Trainee: 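Please read through the structure below; I'll follow up with questions.
Remember, it's a predicted structure, so these values are computed and weren't measured experimentally. One-based numbering, in listed order, for ligands and for the atoms of each.
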Amino acid sequence: MTESRISPRIEVEAYADAEEAAQAAAVAIADWLAAGLSENERASFVATGGRSPGPVYDLLATLPLPWEQVAVTLSDERWVPPSSPDSNEKLVRDRLLTGEAAGARLVPLWSDAATPADAADAAEATVADLLPFDVVLLGMGDDGHFASLFPGNPSLDYGLDPDSGALVIPAPRGEPAPPQDRISLTLHALTKTYLIVILISGETKRRIVEERDDLPIHALFRAAGDTPVRVIWSP
Ligand SMILES: O=C1O[C@H](COP(=O)(O)O)[C@@H](O)[C@H](O)[C@H]1O
């Protein structure tokens, strides 16, 4: 593993391949959940969606943590039912809430509410009950978005406002992204945690992290304060 520094606190940890990166992320998450459970009866984990975290969840699901004491919520959700292949909830149910981790409690963001805004309002209280999170796992798009906080989206300013007080917000579909309406945890919510792990791959994403400072992900870096941020990268 080599390291490059993009700020005094944030290091890009480079791993040889996606398997090694997934292993590193799973160990970090499991260690911080175990640390939280050594001090508290309950722990909470924010699980990201998308294409990157599946192997991390596969590994976590093999680890003998006291998962029945762990609540899992999502960093964001697409406005699709949990039966949809696009559902982040479906990803987490299929790949994380199985095996050793089957007993973890899922706190979903999607509900059969009439609109994403209604679902976000309903999720606000259930997410608030989980704060502070023990660990947050995020991905990042090729456009520098995290969760469902997309560049240029009408919801972005509010979603990145560290003083908004909001935990869960709706984000409308947009051009070029997101392709469907979304529900997202806010920067305000996602920084109320003891550790942030960001799992990315490929040169495009690494260069965004290391060479830009104007995208949503960089607002997260700035807002993290004393919260450790680990950027785990593989080619
Ligand atoms: O749309 C989304 O994108 C991000 C990044 O996904 P990835 O496939 O590039 O890792 C993801 O973190 C988020 O949960 C998802 O809804």
Trainee: To the nearest 0.5 Å, what is the distance between OG (S234) and CD (E13)?
Mentor: 12.0 Å
Trainee: Determine, stepwise, if the pair R207 / E203 fulfils salt bridge (charged side-chain N to carboxylate O under 4.0 Å, His left out).
Mentor: CA-CA 6 Å; R207 294 188 67 173; E203 279 307 313; 5.9 Å; no
Trainee: If you have a sec, work out which protein heavy atom is nearest atom 16 (O) of ligand 1 and how many Å separate them, to one decimal?
Mentor: D76 OD2, 2.5 Å
Trainee: Can you name the side-chain contact (heavy atoms from CB on, under 4.5 Å) partners of A120, sequence neighbours left out?
Mentor: V168, P170, I183
Trainee: Would you check if M140 and I208 make a side-chain contact, meaning some heavy-atom pair closer than 4.5 Å?
Mentor: yes
Trainee: Can you sort out which atoms of ligand 1 are near R182, meaning under 4.0 Å from one of its heavy atoms?
Mentor: 1 (O), 2 (C), 16 (O)
Trainee: T48 near ligand 1, heavy-atom distance under 4.0 Å?
Mentor: yes
Trainee: List the closest protein heavy-atom neighbour of atom 8 (O) of ligand 1: residue, atom name, distance to the nearest 0.1 Å.
Mentor: R51 N, 2.7 Å
Trainee: Closer than 4.0 Å to some heavy atom of M140 - which atoms of ligand 1 meet that?
Mentor: 5 (C), 9 (O)
Trainee: Which ligand 1 atoms are under 4.0 Å away from a heavy-atom of S75?
Mentor: 14 (O)
Trainee: According to salt bridge (charged side-chain N to carboxylate O under 4.0 Å, His left out), does anything in residues 175-196 pair up with another residue at least two apart or in another chain? List the pairs.
Mentor: D76-R182, R173-D181
Trainee: Identify the protein heavy atom lying closest to atom 6 (O) of ligand 1, giving its residue, its atom name and the separation to 0.1 Å.
Mentor: G50 CA, 3.9 Å
Trainee: In this structure, does ligand 1 have an atom that sits under 4.0 Å from one of the heavy atoms of E77?
Mentor: no
Trainee: Taking distance alone, with N or O pairs closer than 3.5 Å, would you say A147 contacts ligand 1?
Mentor: no
Trainee: Taking the non-hydrogen atoms of P178, is any one of them nearer than 4.0 angstrom to ligand 1?
Mentor: no
Trainee: Starting from atom 4 (C) of ligand 1, which protein heavy atom do you reach first, and at what distance in Å?
Mentor: H145 NE2, 3.3 Å
Trainee: Do Y57 and L137 pass the side chain to side chain contact (heavy atoms under 4.5 Å, CB included) test, and can you show the C-alpha distance, the side-chain angles, and the key distance before you say yes or no?
Mentor: CA-CA 11 Å; Y57 300 151; L137 174 65; 3.8 Å; yes
Trainee: Quick test: of every protein heavy atom, which one is nearest to atom 10 (O) of ligand 1, and how far off is it to 0.1 Å?
Mentor: S52 OG, 2.5 Å
Trainee: Is the contact between K205 and ligand 1 made by the side chain, the backbone, both, or neither, using heavy atoms and a 4.0 Å cut-off?
Mentor: side chain
Trainee: Please verify the inter-ring angle class for W79 with W110; under 30° counts as parallel, over 60° as perpendicular, anything in between as tilted.
Mentor: tilted
Trainee: Show which atoms of ligand 1 fall inside a sub-4.0 Å distance from at least one heavy-atom site of G139.
Mentor: 12 (O)
Trainee: Whether the side chain of S44 engages the backbone of A71 through a donor-acceptor N/O pair (distance < 3.5 Å, no angle test) should be reported.
Mentor: no
Trainee: Hey, is N88 touching ligand 1 through its side chain, its backbone, both or neither, going by heavy atoms under 4.0 Å?
Mentor: side chain
Trainee: Out of curiosity, T191 OG1 to R222 CZ, how far, rounded to the nearest 0.5 Å?
Mentor: 13.0 Å
Trainee: Do T48 and L199 touch side chain to side chain, with heavy atoms closer than 4.5 Å?
Mentor: no
